[in-house]
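A short worksheet on the structure shown next.
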Amino acid sequence: MDSNKKYWKGLEELKQTPAFVQKSKGEFAESIPVEDVLNEAGLSTKTPRRDFLKALGFGVGAVTLAACNSTPVHKAVPYLIKPEEITPGIPNFYTSTFNGQSILVRTREGRPINVEANPNAIGLNQGTDSGTAASVLDLYDESKLKTAQLKGQDVEWSKLDSTVVAALNAASSAGKQITIVASTVNSPTTLAAIAKLTAKYPTTNLVQVDAVSYSAIIEANKNTFGKAVVPSYNFDKANVVVSVAADFLGTWLAGEEHTQQYVKNRDHKSLKNGKMSRHIQFESGLSMTGSNADVRIAIKPSEEVAVLISLYNEITGSSLAGGIATKRAQTAVTLAAKELLSNKGAAVVVAGSNDVNIQTLANAINSALASYGSTIDLDNYSKQHQGSDAAFTQFLTSAQAGQVGVALFLNSNPVYDYFKAEEVKAALKKVDFTLSFSQRADETASELTAIAPTSTFLESWGDASPKEGLFSIVQPTINPVFNTRQADQSLLVWAGDTTDIYTFVKDLWTSTILAGSAKNWNAVLQTGFEYKGAKTASSYSFSGNVEAAASAALAAAKTVVGDFELKLYEPSAIRDGKFANNAYLQEVPDPVSKVTWDNYAAINPKDAEKLGLAEDSTVTVEANGYKVELPVVQQPGQALGTVSVAIGYGRTKVGKAGNNVGQNAYPFASLVNGTIQFVAKATIAKSTRIYQLAQTQTHHTIEGRNIIRETTFAKYLKDPNSESGRFTDKHKTYDLWNKYEQPGHKWVMAIDLNACTGCGFLYCCL
């Protein structure tokens, strides 16, 4: 029996607009302009991508002959002495690390060409996302700095080193702070190099700050359990998952790791065992996680605390004031609480807010559900997000007061991604000497005295410790393409340590990380990691003040209530904007809206109708004294009275591919009670400009044919063939394919669509 549900990829398909109808009819009938391609303009002719691929299929040789051009002669120069490890045409593989993930780097003739997950890695269950796969392209980015710079001019490294050492000595003699401002540092090598610098200059301190902050989780765990950490979440142990605005399958904390866990309770193996987890999502904008939920309730950002209060009351029998008022949401909360209680010890509640009080409420709920020690692990904690909003605020205060003599920025760009860029610029002017390790003169680096461009991870020695007890190696796969020097080596040079970075990393691992291990250094280079094993996860007793947290969170929620509530989010490809110059990531479509190369204002179609907005309309969004014009995406599933905008766009000094793509949304954020908040009261006004977004959502309409098969879990348990189009009764079948021997390897890919999250990135399926 066919499903009576109607599926559509976009509003244009739902409304059957004339443009959509016309294009869908000719989807498989594109004509290739062969005559245009074969004219004297040759391959310079601009054609659609599909036409270009067809032209290649037709044959470049034919194009060359038709154009009467001479075939260019390329001379092959053989190796005089062929490297022992290189065989032309045969790839080499190196273990390494990217963003804490153990990876394999494929090289051909000494050039890295591909990055994929290390299949043998133990301790961090993580797949490969688009950022990891695209990272190899950054190696070949010509817009990066070619050498060190001082006051905007290229200089020799020796000149930069003497200048930096003089500045460090001056700051130390004056008793001023030497501050290293960095995004999360979990590399033992980097921390050891910083310790070397601190030993020579005792006023040195490390300030960690992340563009997308998880400070609230750390502070809430510190206040309620005495553990200032981001826990590890075990979604594979959860029979019921309730998420309040946490895109845990996408960009929240560790999306790839969570996805690998999540699908274990929802894939074909789990279904065969008669088991499937329950997932209930409350959120304002439609996220990839929300689109996978069994039940999804659209709420405003100001209602997140109310949902958690109601959930806490239902689970504990308490009567905290301020629960959810919406009837539909309250019904969902009641049902969610019932399912959570029936799965005590195998349930988890996660919240995406960076409000300490909201995270305290989530902790109280999880404590009542006995989640700590099972689905939440505070002992084998994550080290991937250690930034402190309060620490960076203190740095700005100290700098403004003239107490900072030297500021070094490591993988940090606050002039772009801090919500008050002018405040950062003003503070930097009060610092005697400033330097960035950026690979390019980005928004922050261009404001500083010097730039010491670091090498990419593909050109460096190093390591990472993304989780307690887990260590992963970084080894170079190619010599530095430009005259760059990795930041760890620079810190050692300025500390007066002449040890080369390879020896420094090897000695550190041999003396500490590998002490007592069966592995030696060469073995680590082969496997790529050292896993000390997991500690026994303990249960923890909640000691926070739920009443005070609820009251404070409700007060903060009232400040964002208005005609429209703005929610900022991190996109799945561009993420926080650090890799905005990677054209591959700009090209990856958003998993929900399918928009590429832009951010936009996502609003509910009913709100769009009230504002008089049509397709390709733009709006002016204003919040917290900041105003930008954005194209509109009418997003079904968006909560009424809300607007969602992605961060990571609007870069101005990142490179040709990323400059002036979209608008910078970071200034919409604010600092509330010591943490950065990505919600605000907003106003939206219709603009007169027309802006057409690039969307891939209506490709492959299959000319209206119904190819989707679905059933409920209850029906599946009764009949695994339910709604599949297969028949359980015996009848004669016919095979259209001849059966014959097919020797050799065959390529095939099968995707478990029940486990597929729709990320739009192929590697997670491999």
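No experiment lies behind these values; they were computed from the predicted model shown.
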(request) Say whether Gln677 and Ser670, considering side chains only, have a donor N or O and an acceptor N or O under 3.5 Å apart. (result) no

(message) Show the nearest heavy-atom pair for residues Asp355 and Ala556, with the distance to one decimal.
(response) OD2-CB, 4.0 Å

(request) Determine whether Val242 and Ile365 make a side-chain contact, defined as any pair of heavy atoms from C-beta on separated by less than 4.5 Å. (result) no

(message) Between Asn118 and Thr95, is there a side-chain donor-acceptor contact under 3.5 Å, judged purely by atom types and distance?
(response) no

(message) What I'd like to find out is whether the side chain of Asn673 reaches to under 4.5 Å of the side chain of Val356, using heavy atoms alone.
(response) no

(message) Students often mix this up, so state it plainly: with edges at 30° and 60°, are the rings of Phe98 and Phe579 parallel, tilted or perpendicular?
(response) tilted

(request) Ignoring hydrogens and angles, tell me if any N or O in the side chain of Asn380 forms a donor-acceptor pair with the backbone of Ala534 under 3.5 Å. (result) no

(request) Would you please test Ile315 and Leu341 for side chain to side chain contact (heavy atoms under 4.5 Å, CB included) and show each step? (result) CA-CA 7 Å; Ile315 289 172; Leu341 283 170; 3.7 Å; yes

(message) Using 30° and 60° as the class boundaries, would you call the ring planes of Tyr233 and Trp252 parallel, tilted or perpendicular?
(response) tilted

(request) Establish, from distance only, whether the side-chain atoms of Glu304 and Ser353 form a donor-acceptor pair under 3.5 Å. (result) no

(message) Suppose we screen for side-chain hydrogen bond (donor to acceptor under 3.5 Å, both in side chains). Which residues come up paired with Thr326, at least two apart in sequence or across chains?
(response) none

(message) Could you work out, with side chain to side chain contact (heavy atoms under 4.5 Å, CB included) as the rule, every residue matching Leu717, not counting sequence neighbours?
(response) Phe713

(message) Quick test of your reading of the model: are Lys269 and Asp267 salt-bridged, counting only N-O distances below 4.0 Å?
(response) no

(request) For residues Pro636 and Leu286, report the shortest heavy-atom separation together with the two atoms involved. (result) O-CD2, 3.7 Å

(message) Please check this pair: side chain of Tyr214 against backbone of Leu253, looking for a donor-acceptor N/O pair closer than 3.5 Å.
(response) yes

(message) When you compare the side chain of Ile376 with that of Asn363, does any pair of heavy atoms fall below 4.5 Å?
(response) no

(request) Look at the side chain of Ser593 and the backbone N and O of Asp590, then say whether any donor-acceptor pair between them is shorter than 3.5 Å. (result) no

(request) Give the minimum heavy-atom separation between Ala254 and Gln384, together with the two atoms involved. (result) CB-OE1, 4.2 Å

(message) What's the separation between atom CG in Asp247 and atom CG in Leu249, rounded to the nearest 0.5 Å?
(response) 7.0 Å

(message) For residues 286-300, which residue pairs pass the salt bridge (charged side-chain N to carboxylate O under 4.0 Å, His left out) check, not counting sequence neighbours?
(response) Arg266-Asp294, Glu283-Arg296

(message) Restricting to non-hydrogen atoms, name the atom on Ile299 and the atom on Ala329 that form the minimum distance, rounded to 0.1 Å.
(response) CG2-CB, 4.5 Å

(message) Can you list everything that forms a side chain to side chain contact (heavy atoms under 4.5 Å, CB included) with Ala602? Sequence neighbours excluded, please.
(response) Tyr600, Gln635, Gln638, Ser644

(message) With a 6.0 Å cut-off (strictly less than), is the heavy-atom count around NZ of Lys578, excluding the residue itself, greater than 12?
(response) yes

(request) Verify the distance criterion only: is there a donor paired with an acceptor across the side chains of Ser270 and Asn265 at less than 3.5 Å? (result) no

(request) Could you walk me through whether Ser551 and Glu547 pass the side chain to side chain donor-acceptor pair (under 3.5 Å) test, one step at a time? (result) CA-CA 6 Å; Ser551 177; Glu547 291 79 7; over 6 Å; no

(request) Would you list the pairs meeting salt bridge (charged side-chain N to carboxylate O under 4.0 Å, His left out) in which at least one residue belongs to residues 328-346, sequence neighbours left out? (result) Arg278-Glu339

(request) Could you list the residues that satisfy side-chain hydrogen bond (donor to acceptor under 3.5 Å, both in side chains) with Lys535, not counting sequence neighbours? (result) Glu468

(request) Applying side-chain hydrogen bond (donor to acceptor under 3.5 Å, both in side chains), name anything that partners Thr360, two or more places apart in sequence or on another chain. (result) none

(message) Just by distance, no angles: are the side chains of Asp210 and Ser213 close enough, under 3.5 Å, to form a donor-acceptor pair?
(response) no

(message) Can you list everything that forms a side-chain hydrogen bond (donor to acceptor under 3.5 Å, both in side chains) with Thr375? Sequence neighbours excluded, please.
(response) none

(request) Considering non-hydrogen atoms only, spot the tightest contact between Pro231 and Leu378 and give its length. (result) CB-CD2, 3.7 Å

(message) Any non-hydrogen side-chain atom of Tyr262 less than 4.5 Å from a side-chain atom of Asn292?
(response) yes

(request) Give a yes or no answer on whether the side chain of Asn234 reaches the backbone of Ser374 with a donor-acceptor pair at less than 3.5 Å. (result) yes

(request) Taking Gln281 for its side chain and Ser291 for its backbone only, find out whether a donor-acceptor pair lies under 3.5 Å. (result) no

(message) Going by side chain to side chain contact (heavy atoms under 4.5 Å, CB included), name the residues that satisfy it together with Lys519, two or more places apart in sequence or in a different chain.
(response) Leu514, Ser517, Ala523, Val524, Thr527, Phe529, Glu530

(message) Looking only at side-chain N and O atoms, does Tyr540 offer a donor or acceptor that is under 3.5 Å from a partner on Asn366?
(response) no

(message) Taking the ring centre of each residue, are Phe248 and Phe235 less than 6.0 Å apart?
(response) yes

(message) Quick check against the 3.5 Å criterion: does Asp719 have a side-chain atom that pairs as donor or acceptor with the backbone of Lys715?
(response) no

(request) Ignoring hydrogens and angles, state whether a donor on the side chain of Ser232 or Asp377 is under 3.5 Å from an acceptor on the partner side chain. (result) no

(message) Contact between Asp576 and Asp417 at the side-chain level, heavy atoms closer than 4.5 Å - yes or no?
(response) no

(message) If the condition is side chain to side chain contact (heavy atoms under 4.5 Å, CB included), which residues does Ser187 pass it with, not counting sequence neighbours?
(response) Thr189, Thr190, Asp463

(request) Decide yes or no for His279 and Thr289: does some side-chain heavy atom of the first lie under 4.5 Å from some side-chain heavy atom of the second? (result) yes

(message) To the closest 0.5 Å, what do you measure between OG (Ser135) and CG (Asn99)?
(response) 8.0 Å

(message) We want to know whether Thr97 and Ser472 form a side-chain donor-acceptor pair, criterion being a heavy-atom distance below 3.5 angstrom.
(response) yes

(message) Can a side-chain donor-acceptor contact be found between Ser310 and Glu314 if the only test is distance below 3.5 angstrom?
(response) no

(message) Do Lys467 and Asn186 make a side-chain contact, defined as non-hydrogen atoms from C-beta onward lying under 4.5 Å apart?
(response) no

(request) Can you see which heavy atom on Ile309 is nearest to which on Gly322, and at what distance? (result) CD1-O, 3.9 Å

(message) With heavy-atom distances below 4.5 Å as the criterion, would you say the side chains of Pro119 and Leu104 are in contact?
(response) yes

(request) Would you sort out whether Leu206 and Leu191 count as a side chain to side chain contact (heavy atoms under 4.5 Å, CB included), showing the intermediate values? (result) CA-CA 9 Å; Leu206 172 64; Leu191 292 173; 4.1 Å; yes

(request) Identify, with sequence neighbours excluded, every residue that meets ring-ring contact (aromatic ring centres under 6.0 Å, His included) alongside Phe668. (result) Tyr626

(request) Say whether Asn354 and Asp389, considering side chains only, have a donor N or O and an acceptor N or O under 3.5 Å apart. (result) yes

(message) Suppose we screen for ring-ring contact (aromatic ring centres under 6.0 Å, His included). Which residues come up paired with Tyr569, at least two apart in sequence or across chains?
(response) none

(message) Please report the interatomic distance OG(Ser371) to NZ(Lys237), rounded to the nearest 0.5 Å.
(response) 12.0 Å

(message) Can you confirm whether Gln394 is buried at CD, in the sense that more than 12 heavy atoms of other residues, nucleotides or ligands lie under 6.0 Å from that atom?
(response) yes

